[in-house]
Amino acid sequence: MREKIKEELSRKIRDAAGKYILELKLDLTVMPHINLESPKDKAHGDFASNIALQLSKQLKLAPRIIAEAIIKYFDPDCSWIKKKEIAGPGFINFYLHDSWLFEIIPEVIKQKKKYGSSDIGKNQKVMVEFVSANPTGPLHVGHGRGAVVGDVIANIMEFAGFSVTREFYINDTGNQMELLGLSAWIRYQELLGEEIKFPDNGYKGDYIKDIAKQFFAKYKDNYKRGAKEEYPGKTNIKIFSKFTGNYILKNIKEDLNIFGVKFDNWFTEKSLHESGQVKSAIEELRQKGYIYEQDGAQWFKSTVFGDDKDRVVITKENKTTYFAADIAYHRNKYERGFDKLIDIWGADHHGYIKRVKAVVEAFGHPYDSLDIIMIQLVSLMRNGVPVSMSKRDAEFVTLKEIIDEVGSDVSRFFFLMRSCDSDLEFDLELAKKESMENPVYYIQYAYARISSIFREMENQKIKLVPLSKIDFNELKEEHETELVKKLACFPGLLVQCAAAHEPHHLTKYLQELAGIFHGYYKKHKVLLPDQKGKMQARLYLVKSVKQVIENGLELMGVSLPEKM
RNA sequence: GCGCCUGUGGCUCAGCUGGAUAGAGCAUCAGAUUGCGGAUCUGAGGGUCGCACGUUCAAAUCGUGCCAGGCGCACCA
């Protein structure tokens, strides 16, 4: 609704400016884009236009004179504008009538869980691919951030009318998997009393030892190495790597499940190889002239599309590279009919962006149809001291440990709070504090307080009268208009989050909304049996605040406690 | 050396499709409850927006160059 008003207002400003320019008999080649902003400062109205400042140069007139003229020519029959004023260097500030504002409340109440949703996605098919951790070890904190960001971007885009598929890409082939199998094999032999030198680049985490025990429990000593066998043969490596990979993947799925992150699809790299898609994708690129041979290897001409160097897709040993599989994978995504692809990667993969974007273009898809979101690092703090995260020594903190320690709600919220571009400092002590330092509780507390008002309402046998009988003009307090204005911003905010793929604005919004509510709650009472009209209006106001908090937290996957 | 991200009050961060007096939380200080939940509220102090040029009526925001931190630069995955 706020968006509609905004559009309407822009048009009226454009009309007024047009009439003025006509009167001046000037040839204006470009009418600047009408840029309506919502001023940060309440004293600057509900909408502000900088049109006069923009026109000032072309018209060779002082901005304030232009502003006055635009106001003069502004549609005199427009009823929903309460006041127009010129301010500062030449801004025109528009104030809306409160009565119009209060139409927001019935809208929230009627739309319920749909309030804030939109159809800007026009049902376009979007794939969000995220986490995609190698099944070589447990998920760590960094994966957690990517998981929540991906999950919530998907939620928000769905809410904005996109048709979203969530996918996890499993790298279940290649050297790393073999190394994983070897590591498990060695641990297994150790259980059987054999001493074998552990490779430097092997997986040293204790979880491998646990898996070896599981393996032993199932197969006993059937795979004990032969007397002359120093390292296992190919078949045994495969058996161990499959067992270990499956085991770890199962754990990854469990952790994500606990964290409330669900996928529609688990896509294996192996399937690309087995179905011949890796080969055929390279063939397609070859036909398009983007593949050449040099030094016995096959190269993809990614430099054509701005990459720093060309990339090998088939090695001298005639093996396809990881990148080759990624070529096939992205082609496959488009073949499945997705209009937009979103890949969410850890910051350490940024060097990979150009070559994958090159693939997109090489197959003839628009550059922008793939958005790669980089998630910067998470540093874990405990009492102001960084927690060691060295993966080499397997000291890293797993996602599971974090969730166990601070809970899913707090973890999710903390991961979402910051812009993806910023490093994120995750303070474990802060996360555990049940106080105002912790923004999650602050928001949930607002929700619980409203719930409590309605519990009390029932205790006092007060009934809500039908919406049609409510007179919202009873809402005269400053807090009340402020709350309603905040509620009105919700749909626009979500559109912005969906379009920019930036979920962190939502955390900020909910903190602000909760803040206004807490101030209101402290100062004004809702349950006023002596003033029925006012009470009923307030009940509906508070009910819509509750609804918006609910919609927001639900998008973030954070729970809604009726009591705390 | 090249590339990506970041640099905003003591701390953690918003703001970055240029707009008015740069915001929020924490911390600090001073206050608030005979009332629907004090996990709350009100107020105060605290800032050369890393530095320097440039573009503009207007720069935290755009451009260029430096400085600092993080992360990458495989015929590994």
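Residue numbering restarts at 1 for every chain, and letters A, B, ... go by the order of the sequence lines. Excluded from the calculations below are hydrogen atoms, water molecules and symmetry mates; all remaining heavy atoms, backbone and side chain alike, are included.
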Distance-only donor-acceptor test (3.5 Å): side chain Asn50(A), base G19(B): yes
Out of G70(B), C76(B), G72(B), whichever nucleotide has its closest atom nearest the side chain of Gln176(A): C76(B)
Evaluate the ring pair (Phe, Tyr, Trp, His ring centres under 6.0 Å) criterion for residues His479(A) and Phe517(A): first the C-alpha distance (whole Å), next the side-chain angles of each, then the deciding distance (0.1 Å), finally the verdict. CA-CA 8 Å; His479(A) 274 110; Phe517(A) 170 75; 9.9 Å; no
Please tell me if Tyr441(A) has a side-chain N or O lying less than 4.0 Å from either OP1 or OP2 of G38(B). no
So what does Asn201(A) hit on the nucleic acid, given a heavy-atom distance under 4.0 Å: a base, only sugar-phosphate, or nothing? nothing
Phosphate-side-chain proximity, His504(A) and G15(B), N/O vs OP1/OP2 below 4.0 Å: yes
Which nucleotide in the set C75(B), U40(B), A20(B) lies at the smallest distance from any side-chain heavy atom of Ala48(A)? A20(B)
Do the charged groups of Glu129(A) and Lys333(A) touch, with an N to O distance under 4.0 Å? yes
Answer yes or no for Lys6(A) and Phe47(A): cation-pi contact, defined as NZ/CZ to six-membered ring centre under 6.0 Å and angle to ring axis within 45°. no
Closest listed nucleotide, where the reference is the side chain of Tyr521(A) and the choices are G37(B), A77(B), G19(B): G37(B)
Where the side chain of Glu425(A) is concerned, which of A77(B), A20(B), C13(B) is the nearest nucleotide? C13(B)
Tell me whether the NZ or CZ atom of Lys83(A) lies within the 45° cone about the ring axis of Tyr95(A) and under 6.0 Å from its centre. yes
Within the structure shown, what part of the strands sits under 4.0 Å from Lys563(A) by heavy-atom distance: base, sugar-phosphate, or nothing? base
Separation between the P atoms of C29(B) and G72(B), rounded to whole Å: 42 Å
Search all heavy atoms of Leu139(A) against all heavy atoms of Ala133(A) and return the closest pair with its distance. CD2-CB, 3.6 Å
Does C73(B) have OP1 or OP2 under 4.0 Å away from a side-chain N or O of His349(A)? no
Contact class for Ala325(A) vs. all strands (heavy atom < 4.0 Å): base, sugar-phosphate, or nothing? nothing
Nearest-nucleotide wise, let me know which of Arg455(A) and Glu502(A) is further upstream toward the 5' end of RNA chain B. Glu502(A)
Contact under 4.0 Å: Ser422(A) side-chain N or O vs A14(B) OP1/OP2: yes
Taking any heavy-atom pair under 4.0 Å as a contact, classify Ala347(A): base, sugar-phosphate, or nothing. sugar-phosphate
Looking across every strand, which nucleic acid part, if any, lies under 4.0 Å from Leu53(A) by heavy atom: base, sugar-phosphate, or nothing? base
Using the C1' atom as the reference point in each nucleotide, state the distance between A52(B) and U42(B) in Å, no decimals. 43 Å
His44(A) near the nucleic acid: base, sugar-phosphate alone, or nothing, with a heavy-atom cut-off under 4.0 Å? base
C66(B) -> Watson-Crick or G-U wobble partner, both distances under 3.5 Å, gives G50(B)
With respect to the side chain of Tyr352(A), which nucleotide from G35(B), C75(B), A77(B) is positioned closest? A77(B)
When you measure from the side-chain N and O atoms of Arg449(A) to the phosphate of G38(B), is any distance below 4.0 Å, counting only OP1 and OP2? yes
Is the ring centre of Phe91(A) under 5.5 Å from the base ring centre of A20(B), and are the two planes under 30° apart, so that they stack? yes
Nucleotide of A77(B), C75(B), G37(B) approaching Ser452(A) most closely (side-chain heavy atoms): G37(B)
Look at all strands and tell whether Phe323(A) reaches a base, only sugar-phosphate, or nothing, counting heavy atoms closer than 4.0 Å. nothing
Report yes or no: is there a donor-acceptor pair, N or O only, under 3.5 Å between the side chain of Asn93(A) and the base of A20(B)? yes
Between Glu283(A) and Arg286(A) (salt bridge meaning N to carboxylate O under 4.0 Å), is one present in this structure? yes
